[in-house]
Amino acid sequence: MPELLGCTVTEGLLAAWKAHLVPERQPFFASKADSSRLPPDCRRPLERLRSLPLSQKDTFGVHEVSRSLPVAFLLDETTFSQLKGGQAQELLASNRAGGRGAIFVWEDWIGELEDFEVAILREAFPEDLFLLWPRAFERLTARSQKKFLYRFAAQDQAVCKRRSISGGQWTKIDKTLPGVRAMAGTFLPDSGGNCFATAMTAFEPELVAELWVQRDAFETWLEERRPVAGAQIELGTLLVWRSDATVAGGNRANPQPLPR
């Protein structure tokens, strides 16, 4: 089974990443002045932005986009192609500078793609920056598709350390934190599961690590377990601060799961 960052990558996981990175419609952002110069189909207000799947919001950095780009809109490939002259590159440049994700720089992909694949993507994006639309993405080789998906998933992420844990350590971990082993070396296919859910599932594997757990629910769970003070590196100690992690022994921790 292929791996990325020490975690197993299944075909189902790749399909989920593709749905996040290469959807039919993508969010874009503009200043009020710039939005008035876009084609009419591009200026429809985006009340439906909240309906975007959480994974796509994370992929495109919706919540990190600069306040200087307050006008949000969804475009499909056909509507995006209506942008004339340098409008498309200007929009991509302003969005990339403003924090919008999944905008690629040609310079980073020199030598990474086959010549015919470069021609496919250059047809729509002949200048410095480019996006991935479904039709073009499907024409790439499986190898190149995986390159895009792997880079997307690995961005700013650490390598899983599960194989550096000895069999004896795992035996002790299983007794105290019975949910850790099943989570170690895995990616969540979608956004949602957060640090609270991960910590709770480490102690109680019947809980669902994929859920988005709010602070109040976590505090209730913590209170019900009647925690007692322990040493920071003691197996089973739950460290609670602005980010939460479950100590798994030997100064290792089980942090919030991947990916976004």
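Because only heavy atoms are used, hydrogens play no part in the values below, and waters and symmetry mates are left out as well, while side chains stay in.
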>> Is there a side-chain contact (heavy atoms from CB on, under 4.5 Å) between Y150 and L14? Walk through the geometry before answering.
In response: CA-CA 9 Å; Y150 276 30; L14 286 174; 3.6 Å; yes

> Under the ring-ring contact (aromatic ring centres under 6.0 Å, His included) criterion, do F28 and F60 qualify, and how do the steps go?
Replying inline: CA-CA 9 Å; F28 295 88; F60 298 109; 8.0 Å; no

>> Walk me through whether L235 and K172 qualify under side-chain contact (heavy atoms from CB on, under 4.5 Å).
In response: CA-CA 8 Å; L235 183 63; K172 294 177 181 178; 3.9 Å; yes

> Yes or no on side-chain contact (heavy atoms from CB on, under 4.5 Å) for M200 and V213, after CA distance, side-chain angles and deciding distance?
Replying inline: CA-CA 9 Å; M200 292 163 65; V213 177; 3.8 Å; yes

>> The test is side-chain contact (heavy atoms from CB on, under 4.5 Å); show your working for L13 and T10 and say whether it passes.
In response: CA-CA 5 Å; L13 186 61; T10 65; 3.4 Å; yes

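Residues D174 and T171 bring no donor and acceptor atom of their side chains to less than 3.5 Å of each other. Judged by distance alone, the side chains of S144 and E117 do bring a donor and an acceptor atom under 3.5 Å apart. Using modelled atom types, one finds no donor on one side chain facing an acceptor on the other under 3.5 Å when comparing E114 with T141. Side-chain contact, H63 with D58: no donor N or O sits under 3.5 Å from an acceptor N or O.
Side-chain contact between L113 and L121 is present, with heavy atoms from C-beta onward closer than 4.5 Å. Contact check for F125 versus W106: side-chain heavy atoms found under the 4.5 Å cut-off. The shortest side-chain heavy-atom distance between E77 and Q26 does not fall under the 4.5 Å cut-off.
Distance CG/L132 to CD1/I103: 11.0 Å, rounded to 0.5 Å. To the nearest 0.5 Å, atom OG of residue S164 and atom CD of residue Q169 are 7.5 Å apart. Interatomic distance, Q82 CD to D76 CG, rounded to the nearest 0.5 Å: 8.5 Å. One finds the NZ atom of K161 at 10.5 Å from the CG atom of L5 (value rounded to the nearest 0.5 Å). Rounding to the nearest 0.5 angstrom, the gap separating the OG atom in S68 from the CG atom in D34 is 9.5 Å. Of the inter-residue distances, the one linking Q56 atom CD with D190 atom CG reads 10.0 Å to the nearest 0.5 angstrom.
T201 places a side-chain N or O within donor-acceptor distance of the main-chain N or O of A197, the cut-off being under 3.5 Å.
In this structure, E206 places its CD atom where more than 12 heavy-atom neighbours from other residues, nucleotides or ligands lie under 6.0 Å away. Within a 6.0 Å sphere centred on CD of E24, heavy atoms belonging to other residues, nucleotides or ligands number 12 at most. By the 6.0 Å contact criterion, CD on E223 is open, its count of non-hydrogen atoms from other residues, nucleotides or ligands being 12 or less. Within a 6.0 Å radius of CZ in R135, other residues, nucleotides and ligands contribute 12 heavy atoms or fewer. In this structure, K57 places its NZ atom where more than 12 heavy-atom neighbours from other residues, nucleotides or ligands lie under 6.0 Å away. Taking a 6.0 Å sphere around CG of D108, one finds it holds more than 12 heavy atoms contributed by other residues, nucleotides or ligands. Residue R122 qualifies as enclosed at atom CZ: its count of foreign heavy atoms under 6.0 Å is above 12.
Between R162 and W170, the shortest heavy-atom distance links the atoms O-NE1, 3.6 Å. For the residue pair C7 and C160, the shortest heavy atom distance occurs at SG-CB, 3.8 Å. Here the closest heavy-atom approach between residue F152 and residue H20 is recorded as CZ-CB, 4.2 Å. Taking both residues in full, the closest heavy atoms of L69 and G98 are given as CD1-CA, 4.1 Å, listed atom of the first, atom of the second, then distance. Between V65 and G99, the closest heavy-atom pair is CG2-C, 4.4 Å. Heavy atoms only, all atoms of each residue included: L238 and A199 are closest at CD1-CB, 3.9 Å.
A salt bridge does not link R100 with E64: every distance from a Lys NZ or Arg NE/NH1/NH2 to an Asp or Glu carboxylate oxygen is 4.0 Å or more. Between R151 and E112 there is a salt bridge, since a side-chain N of the basic residue sits under 4.0 Å from a carboxylate O of the acidic one.
The cationic group of R25 does not satisfy the cation-pi geometry with W133, failing either the under 6.0 Å distance to the six-membered ring centre or the 45° limit from the ring axis.
Using a 30° and 60° split on the angle between ring planes, F196 and F218 fall in the parallel class, below 30°. Relative ring orientation between F203 and W221 is described as tilted, the plane-to-plane angle lying within the 30° to 60° band.
Aromatic pair F187/W17: ring centres closer than 6.0 Å. Checked against the 6.0 Å centroid criterion, the rings of F104 and F148 qualify as a close aromatic pair.
A single hydrophobic cluster is not seen to contain both L131 and I120; linkage of ILVMFWY side chains at heavy-atom distances under 4.5 Å, directly or through other members, places them apart.
Across L92, L129, D128, a single residue satisfies side-chain contact (heavy atoms from CB on, under 4.5 Å) together with V105, and that is L129.
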